[in-house]
Amino acid sequence: MDLPVEFLEKYKKILGEEFAAFHASFDQPVQTAFRVNPLKELDERFRVAKDLLISPPNSTDGSVSKFEKIPKQHFGYYGKISGKSIEHVTGLIYSQEPAAQVVGEVAAPKKGMRVLDLCAAPGGKSTHLASFLENTGILVSNEISNKRSKILVENSERFGSRNTIVLNEQPERLARVFPAYFDLIVLDAPCSGEGMFRKNPSAIQYWTENYPAECAELQRAIITEALKMLAPGGHLIYSTCTWAPEENEANIRWILENYPELALQDIPKTNGLQAGLNMPEVVRCWPHRFRGEGQFVAHLVDTGKKLETLKVKSGKSNLTREQVQLWEDFSHRYLLTELSAGILQVFGDQLYLLPDGLPDLSSLKIARNGLHLGVFKKKRFEPSLALGMALKPAEVTTSLEISEEQFQNYVSGATFATDKAVSKGWVQLTVGGNGLGFAKNVNGIIKNYFPKGLRFIS
């Protein structure tokens with residue numbers, strides 16, 4: 001790989017005897033990996049022991065040999081699964097390289113927490129956080145780019161997260177709405193991207209000798225706003241996908257100097273993770289030591305006295321009487337679970353279920369306001385893909401498990417016939433026990449409601 005001379009000279013000084021191995025790693029293949037989603041029904045390759053996903057049993061036919069559990073991680077596996085596979089489309093797996101997975105593992109939020117993923121797109125870290133929260137608490141996923149926030153929404157919905165709010169905002173605007181609100185903030189800061197050179201060589205063209213210092217200045221501005229939103233006793237996970245000390249250890253020292261109430265927490269050095277440069281508490285992913293790309297992670301905690309959870313005046317439902325009746329008619333007929341923990345609100349003709357305990361979000365740009373339930377049309381309610389992906393088969397009155405061939409037909413936009421005894425009307429389609437959204441059964445023909453923008457041919 002053709003790397004800038006200044007880059008090579010910089011890391012030759014930093015790494016010394018290890019530089020040759022570091023340099024050689026850029027010519028090695030990228031290590032692919034994925035996470036298994038604990039919110040979904042697991043297939044025979046993945047088993048759950050308490051809250052910890054463990055390695056699949058040995059296979060006699062070799063069908064699972066290509067997957068290897070990432071040591072000391074809850075949900076991660078080395079290996080690759082196609083983006084057109086049933087596992088991906090139904091949200092059972094999320095492709096994410098191993099170093100990026102370290103961030104979520106360090107954060108590991110407890111159930112019921114209020115969590116902010118400040119720079120969240122495309123959604124790898126947010127879905128990882130959602131895995132720990134298990135649809136409890138509140139997860140606010142923010143992305144400043146409008147285009148990337150739409151990808152974040154798509155990945156969140158596929159994952160089946162019910163308690164996620166996706167915002168499209170500047171950090172300073174968020175800080176006005178969420179003062180001292182979050183128990184945990186994950187800031188995977190925009191950076192010089194050195195750790196992605198092997199995976200994405202085009203990133204090299206943006207690198208200059210001064211670029212890391214320029215990024216560090218921007219990062220400190222974001223950190224300043226992030227800390228305004230951290231509750232007393234809260235945790236800040238700061239990470240980048242670069243090796244630049246200016247953006248990593250130097251920024252942590254800046255935080256400690258300017259925010260004396262924050263204390264650095266030690267992160268265990270497992271599975272090839274290395275200590276920081278003259279900062280043993282943090283971790284670095286060096287590609288010659290770790291099976292993955294580049295990453296830096298630091299864990300800070302506010303040592304101020306933990307206060308009671310900030311009480312927030314909940315919003316109110318804005319549904320008309322007719323809309324309430326249409327939703328109730330649908331839920332009574334098709335749902336076996338009560339989606340009552342939250343507030344029903346409409347935006348235009350779209351119905352959402354917001355988590356309880358949110359402040360007034362009316363001043364912010366919202367990409368997804370909680371769980372998207374569906375759309376009101378003339379005298380009827382039509383369920384969303386997100387609702388059909390989030391619900392388990394045991395939570396609906398009628399579900400239809402389809403074959404791989406039927407799956408391929410459905411995601412391409414086709415209808416298909418079924419000879420199974422299925423009630424007329426809405427039915428949740430499932431593959432491998434996981435939802436693929438709602439479709440309509442009309443005289444044994446399953447009408448296609450898979451969104452046109454997501455359709456593909458296998």
Side-chain angles (χ1 to χ4, degrees), residues 18 21-22 25 28-40 42 45-59 64-81 92-111 113 115 117 124-134 159 184 186-188 195 198-199 235-241 243 248 252 264-277 279-301:
E18 293 195 34
F22 169 74
S25 72
Q28 298 300 312
V30 171
Q31 175 66 66
T32 57
F34 60 90
R35 287 181 289 102
V36 176
N37 182 354
L39 306 181
K40 300 285 185 173
L42 303 177
R45 291 168 296 175
F46 310 106
R47 296 182 292 125
V48 176
K50 296 183 179 178
D51 294 327
L52 181 66
L53 284 168
I54 62 176
S55 298
N58 293 328
S59 172
V64 299
S65 59
K66 61 182 177 180
F67 302 143
E68 178 189 347
K69 187 75 180 66
I70 300 178
K72 305 297 183 182
Q73 290 204 16
H74 284 77
F75 315 108
Y77 286 81
Y78 298 117
K80 188 174 183 178
I81 296 181
L92 174 59
I93 64 98
Y94 189 101
S95 294
Q96 186 183 39
E97 68 90 14
Q101 294 188 35
V102 173
V103 182
E105 286 293 323
V106 172
K110 294 180 174 61
K111 292 180 184 179
M113 275 187 166
V115 180
D117 186 359
K125 294 172 181 69
S126 281
T127 53
H128 201 163
L129 297 170
S131 297
F132 287 100
L133 289 171
E134 294 186 7
F159 206 75
L184 170 68
V186 173
L187 171 52
D188 187 45
R198 180 171 64 176
K199 183 179 178 183
H235 298 254
L236 172 69
I237 309 300
Y238 174 81
S239 64
T240 70
C241 58
W243 298 296
N248 296 331
I252 299 305
L264 199 54
Q265 305 296 293
D266 184 65
I267 301 173
K269 313 304 183 289
T270 60
N271 194 30
L273 296 176
Q274 302 297 303
L277 304 177
M279 190 174 284
E281 299 90 344
V282 303
V283 294
R284 283 174 160 264
C285 299
W286 294 105
H288 62 294
R289 293 288 199 104
F290 178 87
R291 287 178 63 181
E293 305 312 299
Q295 195 82 38
F296 170 90
V297 187
H299 179 184
L300 300 110
V301 63

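Heads up: numbering here begins at 1 and tracks the sequence. Hydrogens, waters and symmetry mates are skipped; everything else that's a heavy atom, side chains included, is used.
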Exercise. Just how far is it from atom NZ of K199 to atom OG1 of T32, taken to the nearest 0.5 Å?
Worked result: 9.5 Å

For this session: Over all heavy atoms of both residues, which pair between G124 and Y94 is shortest? Give the atoms and the distance, please.
Result: N-OH, 3.0 Å

Seminar exercise, completed: Exactly one of H288, R289, E18 clears side-chain hydrogen bond (donor to acceptor under 3.5 Å, both in side chains) with Q274, and that residue is R289

For this session: Look up atom CG in L129 and atom OG1 in T127, then write down how far apart they are to the nearest 0.5 Å.
Result: 8.0 Å

For this session: First locate atom CZ of F290, then atom CZ of R284, and finally report the distance between them rounded to the nearest 0.5 Å.
Result: 14.0 Å

Exercise. Does the side chain of S239 reach to within under 4.5 Å of the side chain of L187, using non-hydrogen atoms?
Worked result: no

Exercise. Is the shortest heavy-atom distance from the side chain of E68 to the side chain of Y77 under 4.5 Å?
Worked result: no

Exercise. Centroid-to-centroid, F296 to W286, below 6.0 Å?
Worked result: no

Problem set entry | Test item: side-chain donor near acceptor, R35 and S95, under 3.5 Å | no

Problem set entry | Any residue meeting side-chain contact (heavy atoms from CB on, under 4.5 Å) with K72, in chain and number order, not counting sequence neighbours | T270

Exercise. Any side-chain donor paired with an acceptor under 3.5 Å for Q31 and R291?
Worked result: yes

Exercise. Does the pair K125/D188 count as a salt bridge with the N-to-O cut at 4.0 Å?
Worked result: yes

For this session: Check whether any side-chain heavy atom of L300 lies under 4.5 Å from a side-chain heavy atom of I252, and answer yes or no.
Result: yes

Problem set entry | Heavy-atom pair with the smallest gap, counting every atom of C285 and L273 | SG-CD2, 3.5 Å

Problem set entry | Check: I93 main-chain N/O paired with N37 side-chain donor or acceptor under 3.5 Å | no

For this session: Examine distances only and state if a side-chain atom of Q73 and a backbone atom of F75 form a donor-acceptor pair shorter than 3.5 Å.
Result: no

Exercise. Checking side-chain contact (heavy atoms from CB on, under 4.5 Å) for the pair Q265/E281: CA distance, chi angles, key distance, verdict?
Worked result: CA-CA 6 Å; Q265 305 296 293; E281 299 90 344; over 6 Å; no

Exercise. Can you find a pair of side-chain heavy atoms, one from F159 and one from S131, that are under 4.5 Å apart?
Worked result: yes

Exercise. Can we say R198 and E293 salt-bridge, meaning some charged N sits less than 4.0 Å from an Asp/Glu carboxylate O?
Worked result: yes

Problem set entry | L92 CG to L42 CG distance, which is reported to the nearest 0.5 Å | 6.0 Å

Exercise. Can you find a pair of side-chain heavy atoms, one from Q295 and one from V103, that are under 4.5 Å apart?
Worked result: yes

For this session: Look up atom CG in N248 and atom CE in M279, then write down how far apart they are to the nearest 0.5 Å.
Result: 9.5 Å

For this session: Write down the atom of A298, the atom of V282, and the distance for their closest heavy-atom approach.
Result: CB-CG1, 3.6 Å

Exercise. Going by heavy atoms in the side chains, are I237 and L184 under 4.5 Å from each other?
Worked result: yes

Exercise. Below 4.5 Å, heavy atoms only, C-beta onward: do L133 and V115 meet side chain to side chain?
Worked result: yes

Exercise. Using the benzene-type ring in the case of Trp, are the ring centres of Y238 and H299 under 6.0 Å apart?
Worked result: no

Exercise. Any side-chain heavy-atom pair from F34 and K80 closer than 4.5 angstrom?
Worked result: no

For this session: Could you go through the side-chain contact (heavy atoms from CB on, under 4.5 Å) check for I267 and V297 one step at a time?
Result: CA-CA 9 Å; I267 301 173; V297 187; 4.1 Å; yes

Exercise. Hey, does the side chain of K269 reach the backbone of P280 with a donor-acceptor pair shorter than 3.5 angstrom?
Worked result: yes

For this session: Determine the minimum heavy-atom distance between V283 and P268, stating which atoms define it.
Result: CG1-O, 4.1 Å

Exercise. With sequence neighbours left out, what residues match A33 under side-chain contact (heavy atoms from CB on, under 4.5 Å)?
Worked result: I70, P98, Q101

For this session: Measure the NZ-CD distance between K111 and E134 for me, rounded to the nearest 0.5 Å.
Result: 4.0 Å

